[in-house]
Amino acid sequence: SRKQMKLSAFFSGK
Amino acid sequence: MFELTMAKGSILQGVLEAILDLVNVANVDCSSKGFSLQALDTEHVVFLSLFFPSEVFRSYRCDEDCSMGIAIADMVDLLRASNDGDIITIKVTDQNFEDITITFESPDKTKTTDMDLQLVDARSHRLKISEWHDMESEYQAIFCMPSAQFMLNCKSLSVIDDDVVIRVNEEVISFSTKGKSGCVNISHVPNKTDNPEKASVTLTHMRGPVSLTLNLRYMKSCAKVSTLFDQVKIGLSTKLPLMVECKIAEKGYIRYFVAPKITE
């Protein structure tokens, strides 16, 4: 099955 | 003071309408150069960043940089109340930084409607991703295609399944999906040039084959905005979110960054 990634996986500096 | 005017049905209004299915609240930054907007979808899968240079508006004035949170759905509702031919003015005065004023003026200037829209807190929508904007060379592959074709691909695939696999190599750019009822594979043989022709699919940047799986719900949303423009540019990398970009005039853009799906 496939899991949806979140943008936070690419970028931490929110 | 900040003030811009545009005709009813202008491109900004069209874009705000088209982003509504993903975005409730947006952070808007205004400077003398133009109007920019950033927003994150509620599931934190899509980040939207747009910049409208001042010259795309009928008139534009910004004396001092300002930043504000806007409830986009409410703003679109207000804008929808304008009539054909109306000139729309969006204004923020220095004295009052709690709301923005939206004014419609009828073509014969005999009727004016003023509305105030309260500003909201949208600081959580401000991602520091400006570095992504200049990261074209970091993408493994970038291609351009007619935005109507992009929309058609997304619609055709969503009949079968919720996901799309986009694969790019030197020879072919494909959109495919596999579901319970069957499978669809749409392949484009790309041109290879730095000056993409409007009607063709063009590979503009290639560092190696790449493929990503994306939820079609988000892709259809990107496609909806892109159909306001002739061409869409799509960047793929295994280390970055998918980028979907449309150019607005010479310096303007609307960019979506979409997190892909991964196999567990």
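Just so we're on the same page: letters track the sequence lines, and every chain starts at 1.
- Counting heavy-atom pairs closer than 4.5 Å to chain A, the top-ranked of the candidates B:I262, B:V258, B:T263 is B:I262.
- Of the two parts of B:T213, only the side chain, counted from C-beta on, holds a non-hydrogen atom closer than 4.5 Å to a non-hydrogen atom of chain A.
- Residues B:A259 and A:Q4 share a closest heavy-atom pair of O-NE2, 2.8 Å.
- Side-chain contact between A:F10 and B:P260 is present, with at least one heavy-atom pair separated by less than 4.5 Å.
- The side chain to side chain donor-acceptor pair (under 3.5 Å) test with A:R2 is passed by exactly one of B:D162, B:D163, B:N215: B:D163.
- The closest donor-acceptor contact from the side chain of A:K6 to the backbone of B:E43 lies under 3.5 Å.
- Environment of NZ in B:K155: sparse, with no more than 12 heavy atoms of neighbouring residues, nucleotides or ligands closer than 6.0 Å.
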For side chain to side chain contact (heavy atoms under 4.5 Å, CB included), just list the numbers for A:L7 and B:L40, CA-CA rounded to whole Å, side-chain angles, deciding distance to a tenth of an Å, and then say yes or no. CA-CA 9 Å; A:L7 286 171; B:L40 196 56; 3.6 Å; yes
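- At most 12 non-hydrogen atoms from other residues, nucleotides or ligands lie less than 6.0 angstrom from NZ of B:K33.
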